[in-house]
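What follows is a set of notes on a single structure, which appears directly below.
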Amino acid sequence: MAVTVSIPTILRTHTGGEKSVSATGTTLAEVIDDLENNHGGLKARLVKEGALHRFVNVYVNDEDVRFAGGLDAAVKDGDNVTILPAVAGG
Amino acid sequence: MLVIRRDLVDAMVAHARRDHPDEACGVIAGPYGSDRPERFIEMENAERSPTFYRFDAGEQLKVWREMDANDEVPVVIYHSHTATEAYPSRTDIAFAGEPEAHYVLVSTRDPDEHELRSYRIVDGVVTEEPVKIVES
C-alpha cells in the first residue's frame with residue numbers, strides 16, 4: 001500500500017528537503033511509522049501522546065483526517081496524504 | 001523587512017475592522033522566491049472568537065493547493081488582535097509553522113488608530129521587522 005506524502009516546508013529538514021515522499025501502510029498511523037523509519041524525527045512532529053498534534057493538519061486525499069478517524073484513518077494504494085502546519089493562534 | 005503595497009495593508013486593516021471584535025485572519029500569497037506579497041486571500045476564522053483564530057482546515061487545503069499550482073507561497077500570514085497590542089501571543093508563537101512567512105499582526109483595540117506590525121517567527125523565536133509600505 002504505497003501512498004504519496006506531501007511534506008510542508010517546516011518539516012523538510014527531516015526529508016532532506018524533499019517536498020513529497022512515499023510511504024506504506026493501511027492506516028495513517030502505519031504510514032507515519034513508516035515515514036519515521038525513513039525520515040527520523042517526523043513522527044514526533046506529527047503525533048503527541050497517541051493522537052495527531054494540534055499544530056498540524058493531515059488530509060487523506062481531500063479529507064481532513066480529524067473527521068475520518070484520526071490516526072486510524074484508512075489509506076489505500078495511490079492515496080495522497082498531505083501535511084500542512086495548522087495556522088492558528090491567539 | 002516586509003515590503004508591501006498600500007492597498008494590501010488597507011485590505012488587511014479593513015478585514016480586521018469588519019470582523020472586530022472577533023479576530024480576522026488571512027494570507028497574502030506571492031511568487032515563490034520573490035518575498036513579495038501580491039494576492040490577498042481572506043480566510044475564515046473557524047473559531048469566530050475575540051481571543052483565538054484558526055484557519056478552517058478544508059479552506060486552508062484548497063488555498064494551499066492553489067498556491068502550489070501557481071508557484072506561490074504564503075508571503076504574509078496575518079491576523080488581528082482586538083483587545084491587545086499587535087505583538088505575537090504565546091499561542092501565536094507555538095503554532096507558527098511557516099518559517100519563511102512574514103507574520104503580520106493588526107491591532108484594532110483603538111477604534112480610530114490601528115497598529116500594524118510584522119514579525120518572523122522561527123523555532124519559537126520572534127523577531128520584529130520594519131514594514132515598508134509602497135504605493136500601489
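In the text below, chain A, chain B and the rest are named by the order of the sequence lines, each starting its count at 1. No experiment lies behind these values; they were computed from the predicted model shown.
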A/Leu46 and A/Val3: same hydrophobic cluster, using ILVMFWY side-chain contacts below 4.5 Å? yes
Check each atom of B/Glu100 against the heavy atoms of chain A and say whether the ones under 4.5 Å are side chain, backbone, both or neither. side chain
Can you say whether B/Ala94 sits under 4.5 Å from chain A via the side chain, the backbone, both, or neither, judging by heavy atoms? both
Residues 62-85 of chain B: residues contacting chain A (heavy atom under 4.5 Å, by number): B/Trp64, B/Arg65, B/Asp68, B/Ile77, B/His79, B/His81
Leading residue by heavy atom contact count with chain A [cutoff under 4.5 Å; candidates B/Ser49, B/Gly97, B/Pro99, B/Ala46]: B/Gly97
Side chains of B/His20 and B/Thr108: do they bring a donor and an acceptor to under 3.5 Å? yes
Using a 3.5 Å distance criterion without hydrogens, assess whether the side chain of B/Glu38 forms a donor-acceptor pair with backbone atoms of B/Gly30. no
Contacting moiety of A/Arg66, where chain B heavy atoms sit under 4.5 Å: neither
State whether the number of non-hydrogen atoms from other residues, nucleotides or ligands found under 6.0 Å of A/Arg12 atom CZ is greater than 12. yes
A/Leu35 and side-chain contact (heavy atoms from CB on, under 4.5 Å): which single residue from A/Thr24, A/Val5, A/Leu11 fits? A/Val5
Side chain / backbone / both / neither for B/Ser89 at chain A, heavy atoms under 4.5 Å: side chain
Rounded to the nearest 0.5 Å, what's the gap from CD on A/Glu30 to CG on A/Asp34? Could you check? 9.5 Å
Proximity of B/Phe95 and A/Phe55 rings by center, below 6.0 Å: yes
Report the option among B/Asp92, B/Leu61, B/Thr51 that has the most heavy-atom pairs separated by less than 4.5 Å from atoms of chain A. B/Leu61
Name every donor-acceptor pair, under 3.5 Å, that has one atom in a side chain of residues 81-90 of chain A and the other anywhere in the protein, sequence neighbours excluded.
none

State, with a plain yes or no, whether a side-chain heavy atom of B/Arg109 is found less than 4.5 Å away from one of B/Glu115. yes
Whatever's closer than 4.5 Å to a heavy atom in chain A on B/Glu23 counts as side chain
